[in-house]
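Here's the structure, in structure tokens; my notes come after.
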Amino acid sequence: MIDKAQWKNLVQSRLQNMYETSGHEGKLADVVLQVPPKPELGDLAFPLFAFAKAFSKAPNILAQQLSDDINALTDKPDGEAFAAGPYMNVRLNMDKMVSNLYSQIVSQSSEYGKTKTLDGRKVMIEFSCPNTNKPLHLGHVRNDCIGQSMSQILKACGADVMKVNLINNRGVHICKSMLAYKKFGNGETPESSGIKGDHLVGNYYVRFAQWEKEVLDKDIADLVAKGTDPAKAEEIAKANNGPDLEAQAMLRDWENGVPEVIELWKKMNRWTLDGVDETYRNTGISFDKYYYESDTYKLGKDKVLEGLKKGVFQKAEDGAIYIDNSDIGLDKKILLRKDGTSIYITQDIGTAINRHEDWPFDSLIYVVASEQKYHFKVLFHVLDKLGYPWAKDLHHLSYGMVFLPEGKMKSREGTVVDADDLIKSLTEMAREEIIEKGRDEELDDVDQTSHDIALGALNYYILQFDPNKDFVFNPKESLSFNGNTGPYLQYMGARISSMLRKFEEVKGDYDNVSFDPSVLSLEDERELIKMVGSFPETVGKACKQYDPSVICAFLYDMSKRFSHWYHDNQILKADTPALVKARVCLCQMVLQAMRNAFDLVGIPFLEKM
RNA sequence: GAUUCCAUAGCUCAGCUGGAUAGAGCACUUCCCUCCUAAGGAAGGGGUCGCGCGUUCGAAUCGCGCUGGGAUCACCA
């Protein structure tokens with residue numbers, strides 16, 4: 001909205017002019033434009049410290065001379081320059097801009113904030129990637145929130161986005177839940193037990209861990225009883241753990257396509273995926289394409305062999321193929337086992353190449369926890385070595401771990417915050433609060449509203465942190481609807497909506513009153529306008545930094561400013577019709593920016609709450 | 001040993017392309033609903049921005065070195 005570049009260029013050229021007319025030669029350094037820390041200091045600030053030496057004058061004097069010079073211009077942009085100590089600041093006359101902004105927002109409505117900075121760029125983003133042996137927990141929720149939100153932000157910047165999910169549906173860990181089910185399941189099904197499919201399968205994954213431990217403990221005890229040294233006994237027992245060996249045998253059967261195993265695998269996968277899909281639907285997560293590891297795990301082998309032929313990879317004495325990463329200061333990494341089978345990275349090499357063939361992306365973003373930084377560093381390097389020019393367009397959007405007050409979450413030990421449980425308890429909390437506040441009769445659908453508040457709380461809570469950082473989730477302290485939270489934002493949205501509904505009733509009285517921005521002279525009003533106007537820029541920043549928390553901060557700042565303003569000032573009962581009209585227009589602008597920002601971070605907008 | 005991330009108020013976090021008295025929320029102490037939804041607003045206390053050195057007119061912000069903490073460095077995923 002504010003044409004900062006125009007002012008910056010003007011200041012640069014006037015300063016240069018002053019420099020030359022005072023007998024100097026050469027080009028001055030670039031001026032720096034910043035935002036003054038307090039509204040009474042104007043809208044733009046140009047610190048002049050850096051030019052003091054060149055001019056041999058104190059920055060305060062430069063600021064004075066420069067502002068006089070600029071104010072004397074007949075064709076300067078709309079605004080007044082003034083010296084503020086060593087800074088030359090500008091107070092803008094925003095009336096014309098505000099009128100333009102208002103009509104822009106009204107005509108663009110839900111499109112306001114979108115830009116064309118990534119117009120035509122094809123961006124693939126991979127996130128979630130659940131295992132089919134357990135339900136989603138808080139760690140997955142962070143991944144999902146970041147992935148979904150980044151997709152929205154990328155789209156808002158004009159990118160053509162393809163959201164992909166890679167289902168981890170094979171491997172020995174999957175066989176573990178299958179084996180436990182086969183052993184202890186007694187034919188239980190989601191229908192017969194009333195347990196959601198992913199939770200049912202998850203129970204057997206935990207059951208396997210118990211069983212494994214029982215057997216292990218017993219074997220160790222037996223060996224010790226026979227006189228084996230305890231440390232040695234543990235080593236022997238671990239290497240010969242029955243459940244573990246059975247799981248490995250089952251994996252071999254799976255790879256050999258033994259019908260009975262495949263059938264069980266399909267059945268249990270379906271249970272988990274149906275359950276996980278329900279969680280996705282419940283939390284507003286969606287994908288454009290699903291990939292399944294069972295289809296992709298063999299990809300990549302040929303590429304590794306090609307690399308060997310080209311001489312970018314080496315073969316070890318035992319036959320394993322590896323890459324020497326000493327050129328980037330890392331260790332060797334095996335890419336293919338000595339028996340010729342694929343490992344994790346082999347598969348990732350294959351899927352990346354496969355995806356680029358499927359849909360030639362301009363960039364591919366992997367939303368994966370920071371634990372795997374090393375892995376991606378190696379992966380990208382491998383693809384670069386293989387000669388794929390798009391290797392430089394791969395990006396690992398790494399995010400920190402979610403810890404509990406007791407430490408790390410462990411699904412095998414059952415110390416996880418389950419996603420479904422979390423949403424359920426948040427929804428329940430929201431419902432209680434609605435009833436306590438007596439809002440239930442006002443609302444059209446208490447269930448839906450409770451759920452939307454829960455979702456707003458969860459998404460905002462998780463996305464407000466810098467993705468890079470780990471955070472501790474303390475259920476008691478984290479789950480709040482007061483203060484800097486999603487429901488606070490939703491509440492502001494609902495309040496504005498409520499006012500605008502009331503305005504509708506008397507709208508006819510204002511048909512002949514036009515929007516005059518000049519009556520919006522309060523500091524809060526100017527600040528709100530500037531915030532609304534900066535929304536497109538904010539979206540751009542979030543996109544560039546791969547950081548949805550930028551949007552959260554924007555929302556909170558704007559809502560906070562709005563609450564302060566409407567607490568102290570009447571809107572519908574303002575002193576003059578012109579003021580009522582102008583304030584209502586401001587409310588409309590704020591509301592639109594807010595709604596559009598909500599969309600980017602998964603906070604449901606509520607007309608009432 | 002290598003790679004990497006982090007360290008700001010009692011707690012949880014913003015601020016970091018260098019700039020004007022370092023900001024929120026929670027918690028604590030007060031005040032404000034005959035007034036557009038109090039899931040709100042106002043005021044107060046609370047900080048050697050982990051430590052040191054350097055670059056600079058100027059450093060929470062940049063560089064280097066420490067200290068403390070997390071993660072990774074599997075022919076697991």
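Each chain gets a letter, A, B and so on, in the order its sequence line appears, and its residues count up from 1. Given the structure is predicted, the values throughout are model-derived calculations rather than measurements.
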[atom1] gap between [N] and [M], integer Å:
N: rA43(B); M: rU3(B); atom1: C1'; answer: 50 Å
N: rU72(B); M: rC11(B); atom1: P; answer: 26 Å
N: rA9(B); M: rG70(B); atom1: C1'; answer: 23 Å
N: rA42(B); M: rA24(B); atom1: P; answer: 9 Å
N: rG45(B); M: rU37(B); atom1: C1'; answer: 32 Å

[N] pairs with, by Watson-Crick or G-U criteria that keep both distances under 3.5 Å:
N: rA14(B); result: none
N: rG52(B); result: rC64(B)
N: rC57(B); result: rG19(B)
N: rA2(B); result: rU72(B)
N: rU37(B); result: none
N: rA27(B); result: none

Do any side-chain nitrogens or oxygens of [X] fall under 4.0 Å of OP1 or OP2 in [N]?
X: Lys469(A); N: rA7(B); answer: yes
X: Arg495(A); N: rA39(B); answer: no
X: Lys560(A); N: rG25(B); answer: yes
X: Asn482(A); N: rG40(B); answer: yes
X: Ser370(A); N: rC5(B); answer: no
X: Tyr488(A); N: rA24(B); answer: no

From [options], pick the nucleotide closest to the side chain of [X]?
X: His567(A); options: rA77(B), rG41(B), rU72(B); result: rG41(B)
X: Asn468(A); options: rA39(B), rC5(B), rA74(B); result: rC5(B)
X: Pro36(A); options: rA20(B), rG40(B), rA39(B); result: rA20(B)
X: Asp470(A); options: rG70(B), rA39(B), rU4(B); result: rG70(B)
X: Tyr566(A); options: rC36(B), rG70(B), rA77(B); result: rC36(B)
X: Met492(A); options: rA39(B), rG40(B), rA77(B); result: rG40(B)
X: His173(A); options: rU37(B), rA39(B), rA77(B); result: rA77(B)
X: Lys373(A); options: rA20(B), rC73(B), rU4(B); result: rU4(B)
X: Lys377(A); options: rC57(B), rU37(B), rU4(B); result: rU4(B)
X: Tyr556(A); options: rA24(B), rA39(B), rC36(B); result: rA24(B)

Do [X] and [Y] meet the cation-pi criteria used here (NZ or CZ under 6.0 Å from the six-membered ring centre, within 45° of the axis)?
X: Arg170(A); Y: Tyr297(A); answer: yes
X: Lys332(A); Y: Tyr322(A); answer: yes
X: Arg495(A); Y: Tyr566(A); answer: no

*Taking the chi torsion of rC26(B), is it syn (within 90° of 0) or anti (everything else)?*
anti
*CD/Glu442(A): more than 12 non-hydrogen atoms of other groups inside 6.0 Å*: no
Does the ring centre of [Y] sit less than 6.0 Å away from the ring centre of [X]?
X: Tyr366(A); Y: Phe376(A); value: yes
X: Tyr556(A); Y: Tyr460(A); value: no
X: Tyr461(A); Y: Phe473(A); value: yes

*Examine the base of rG41(B) for any acceptor or donor lying under 3.5 Å from a partner atom in the side chain of His564(A), and report the outcome as yes or no.*
no
_Tell me whether the side-chain N or O atoms of Lys541(A) pair up with the base of rU17(B) as donor and acceptor below 3.5 Å, since no angle test is needed here._
no
Base, sugar-phosphate, or nothing: which does [X] touch, judged by heavy atoms less than 4.0 Å apart?
X: Lys53(A); result: sugar-phosphate
X: Ala369(A); result: nothing
X: Ala316(A); result: nothing
X: Glu371(A); result: sugar-phosphate
X: Asn89(A); result: base
X: Tyr322(A); result: nothing
X: Met609(A); result: base
X: Ser498(A); result: base
X: Asn168(A); result: sugar-phosphate
X: Gln347(A); result: nothing
X: Lys502(A); result: sugar-phosphate
X: Phe503(A); result: nothing
X: Ala430(A); result: nothing
X: Val472(A); result: sugar-phosphate

_Whether Lys385(A) and Asp327(A) form a salt bridge (side-chain N of Lys/Arg under 4.0 Å from carboxylate O of Asp/Glu) is what I want to check._
yes
*asked:* Less than 4.0 angstrom from a charged side-chain N to a carboxylate O is my criterion; do Asp447(A) and Arg431(A) meet it?
replied: yes
*Backbone of Ala84(A) reached by a side-chain donor or acceptor of Asn89(A) within 3.5 Å*: no
Over how many whole Å does the gap from [X] atom [atom1] to [N] atom [atom2] extend?
X: Gln34(A); N: rU17(B); atom1: CD; atom2: P; value: 11 Å
X: Tyr374(A); N: rA71(B); atom1: OH; atom2: C1'; value: 14 Å
X: Lys134(A); N: rA77(B); atom1: NZ; atom2: P; value: 14 Å
X: Leu489(A); N: rG25(B); atom1: CG; atom2: C1'; value: 12 Å
X: Asp327(A); N: rU3(B); atom1: CG; atom2: C1'; value: 14 Å

*Might you point out which heavy atoms bring Asp144(A) and Phe127(A) nearest each other, and give the distance in Å?*
O-CE1, 3.8 Å
*Could you tell me which residues satisfy salt bridge (charged side-chain N to carboxylate O under 4.0 Å, His left out) with Asp43(A), sequence neighbours excluded, listed by chain and number?*
Arg526(A), Lys530(A)
*Between residues 568-582 of chain A and RNA chain B, which residues have a heavy-atom gap below 4.0 Å?*
Asn569(A), Gln570(A), Ile571(A), Leu572(A)
